[in-house]
Protein chains: 2
Amino acid sequence: MKKIKVHIADDHQILIDGIYAVLSSEENIEVVGSSLNGEDVLKWFASNEADILILDINMPNVDGIEVLQSFIKIGFQQKTIVLSSYDDIKLIKEVLKIGAKGFLAKKCAGENIVEAINTVYGGKQYFSESIQDKLLSTFSKEVSSMEQTSQDGSFFSSLTPRETEVLRLIAQQFNTKEIGTELHISKNTVETHRKNLINKLKVKNVVGLAIYAVKNNIV
Amino acid sequence: MKKIKVHIADDHQILIDGIYAVLSSEENIEVVGSSLNGEDVLKWFASNEADILILDINMPNVDGIEVLQSFIKIGFQQKTIVLSSYDDIKLIKEVLKIGAKGFLAKKCAGENIVEAINTVYGGKQYFSESIQDKLLSTFSKEVSSMEQTSQDGSFFSSLTPRETEVLRLIAQQFNTKEIGTELHISKNTVETHRKNLINKLKVKNVVGLAIYAVKNNIV
DNA sequence: TTGTTTCTAACGGTTTTCAGGGATATAAAA
DNA sequence: TTTTATATCCCTGAAAACCGTTAGAAACAA
C-alpha cells in the first residue's frame with residue numbers, strides 16, 4: 001500500500017513528536033520529515049518528497065503565512081494543512097486564499113489530524129469543528145462585505161526588516177525615544193515606522209502591534 | 001511493576017494527545033487522565049490518583065500559576081512538571097517558588113517528557129536544556145539582587161475580576177474612554193485600574209499589559 | 001530610464017497614557 | 001471592631017502616542 005507522506009513544521013519540538021506519535025499508529029500515513037522553523041521548511045522543499053505539509057502558522061522569523069506565500073511563487077504542488085493556536089477568522093481566510101487545504105486549531109483532538117490528512121489527501125478541504133463554527137457564524141457578514149475581504153489581503157503583507165526590528169522593540173515595551181536611541185535613528189523615523197506598522201497590520205494602536213508580535217513569535 | 005501515574009493539563013487537545021501517544025510507548029508510565037483547563041484540574045484533584053501532574057502554564061481563565069497556588073493552599077502532594085511555550089525567567093522562578101518540580105519548554109523534544117517524569121518521580125528536579133541555559137546565564141545577577149527577587153512574588157499576584165475585565169479590553173485595543181463606556185464606569189476609574197494593573201504585573205505600559213494578556217490566554 | 005520600495009526625517013496638532021497624588025463606599029476577614 | 005481588599009471617582013502636568021502629510025536618498029526591478 002502506498003503511504004501518505006507527511007512533513008510536519010512547528011517550532012515546538014514536543015508538538016512535532018506528539019503528532020509523530022499519534023500518526024505512527026496509522027498504517028497508511030508516514031512522517032517523512034519535520035522542521036522547527038520556516039526557513040527549514042523552505043529548504044526542505046528542494047528535496048520535495050512529502051504529499052502533505054502540516055504547517056504551524058505561529059513560528060518565529062519566517063512564519064507559516066510567509067512560507068505559504070513563498071511556495072506559491074515557486075509553484076508548490078503539495079497540499080498544506082495549517083495548524084494554529086488561534087482560530088482567528090482573518091487568519092483562516094488568509095491561509096485559504098493563499099492555498100491551504102485544511103485548517104486545524106491546536107485545541108482539536110489528535111485523531112482530527114488523521115482525518116484531516118486523509119480528507120485533504122483525497123482532494124477535499126478540512127476544517128476542525130471550532131473553525132467550522134466560526135466560519136458559519138461570520139458567513140452572513142461576509143456576503144455584505146466582499147470588497148473589504150479582498151482588501152484584507154494586505155493584512156499579512158510581510159514587514160520590512162526595519163519594521164520588524166521596530167516592532168520587536170515596541171513589543172519589548174520600549175517607547176519611541178528609546179527605540180530611536182537603540183537603532184541610532186531619529187524619534188521621528190521610529191514614529192513613521194510605527195505608523196506604517198499600524199496601517200500595514202490593520203491594528204488600532206501599539207497594543208495591537210504587541211499582540212501581533214506575540215502571536216507571530218516575534219518576541 | 002508499579003507504573004507512574006500521570007495527569008496532563010493543557011488547553012490544546014492536540015498536545016495532550018501527542019504527549020499521550022509519546023508516553024504510551026513507555027512501559028513504566030501510565031496516563032490516567034487529562035484536563036483542558038485550569039478549573040478541571042482543580043476538580044480532578046478530588047479524585048486524586050496521579051503521581052505526576054504535567055501542567056501547561058498558559059491556559060485561559062484559570063492559568064497554571066493559579067492552579068498551583070490553589071493546590072498549595074489545600075496541601076497538594078503530587079509532583080508537578082510545568083509546560084510552557086515561553087521560557088521566561090521570571091515565570092520559571094515563580095513556578096519553582098510555588099512548588100513545581102520540573103519545567104519543560106514546549107520547544108524541547110518529546111523524549112524529554114519521559115526523562116522529566118522519571119527524574120521528578122525519583123524526587124529530583126528537572127529542567128529542559130534551554131531553561132538550564134537561561135537559569136545559568138542569569139545566576140550571577142541573581143546573587144546581587146536577592147531582595148528584589150523576593151519582592152517579585154507579587155508578579156503573578158492574581159488580578160481582581162474587574163481588573164481582568166479591564167485588562168481584556170485593553171488587550172482588545174480599546175482605549176480608556178471606550179473601556180469606560182463598555183463597562184459603564186468613568187474614564188477615571190479605568191485609568192485607576194490600568195495603573196494598578198501596570199503596578200501589579202510589573203510592566204512598563206499598556207504594551208506590557210497586552211503581552212501579559214496574550215501569554216496568559218486572557219485574549 | 002523610470003518607477004517602486006525602503007529607510008530616513010520632519011512638523012503641527014490632537015488625543016491618550018502615565019505618574020503622582022487624594023478620596024469615598026462597601027464588604028469581607030482578622 | 002479594625003483592617004484589608006475591592007471598586008469607584010477625581011485632578012494635574014508631563015510625556016508619549018497618534019494622525020496626516022510631505023519629502024529626500026538609496027537600492028532595486030521592470
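Everything numeric here is computed off the predicted structure, so don't read it as measured data. Within every chain, numbering begins at 1; the chains are lettered A, B, ... in the order of the sequence lines, protein sequences first and strands thereafter.
The only option from A:T176, A:N199, A:I179 that meets the side-chain contact (heavy atoms from CB on, under 4.5 Å) definition with A:R194 turns out to be A:T176.
A straight line from NZ of B:K200 to C1' of D:dA7 spans 11 Å, rounded to a whole angstrom. Nucleotide C:dA9 holds its P atom 14 Å from the CD1 atom of A:I179, rounded to whole Å. Atom C1' of nucleotide D:dA17 and atom CD of B:Q173 are separated by 14 Å, given to the nearest angstrom. Here the C1' atom of nucleotide D:dA17 and the CD1 atom of A:I170 are 10 Å apart, to the nearest Å. Between the CG atom of B:L197 and the P atom of D:dT6 there is a distance of 12 Å, given to the nearest Å. Look at CG on A:L159: it is 10 Å from P on C:dT6, rounded to the nearest Å. For the pair A:N196 CG and C:dT5 P, the interatomic distance rounds to 13 Å; values are reported in whole Å.
Here B:S186 lies in heavy-atom contact (under 4.0 Å) with sugar-phosphate atoms only.
For the residue pair A:N175 and B:N205, no side-chain donor N or O sits within less than 3.5 Å of a side-chain acceptor on the partner.
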Show your working on side-chain hydrogen bond (donor to acceptor under 3.5 Å, both in side chains) between B:S34 and B:H7 and close with a plain yes or no.
CA-CA 5 Å; B:S34 67; B:H7 185 100; 6.0 Å; no
Stepwise side-chain contact (heavy atoms from CB on, under 4.5 Å) check, A:K177 with A:V190
CA-CA 8 Å; A:K177 207 203 292 176; A:V190 178; over 6 Å; no
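Note on A:T189: a side-chain N or O is less than 4.0 Å away from OP1 or OP2 of C:dA9. Look at B:H193 and you won't find any side-chain N or O under 4.0 angstrom from OP1 or OP2 of D:dA7. Proximity of B:N188 to the phosphate of D:dC9: no side-chain N or O atom is located under 4.0 Å from OP1 or OP2.
By the 4.0 Å N-to-carboxylate-O rule, B:E165 lies too far from B:R168 to be salt-bridged with it. The existence of a salt bridge linking A:D11 and B:K106 is excluded, since no basic side-chain nitrogen approaches an acidic carboxylate oxygen closer than 4.0 Å. At a threshold of 4.0 Å, the pair A:K204-B:E178 counts as salt-bridged, since one of the basic side-chain nitrogens sits closer than that to a carboxylate oxygen.
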In B/S/- notation (B base, S sugar-phosphate only, - none; protein heavy atoms under 4.0 Å), nucleotides 17-30 of chain C written 5' to 3' is BBSBB---------
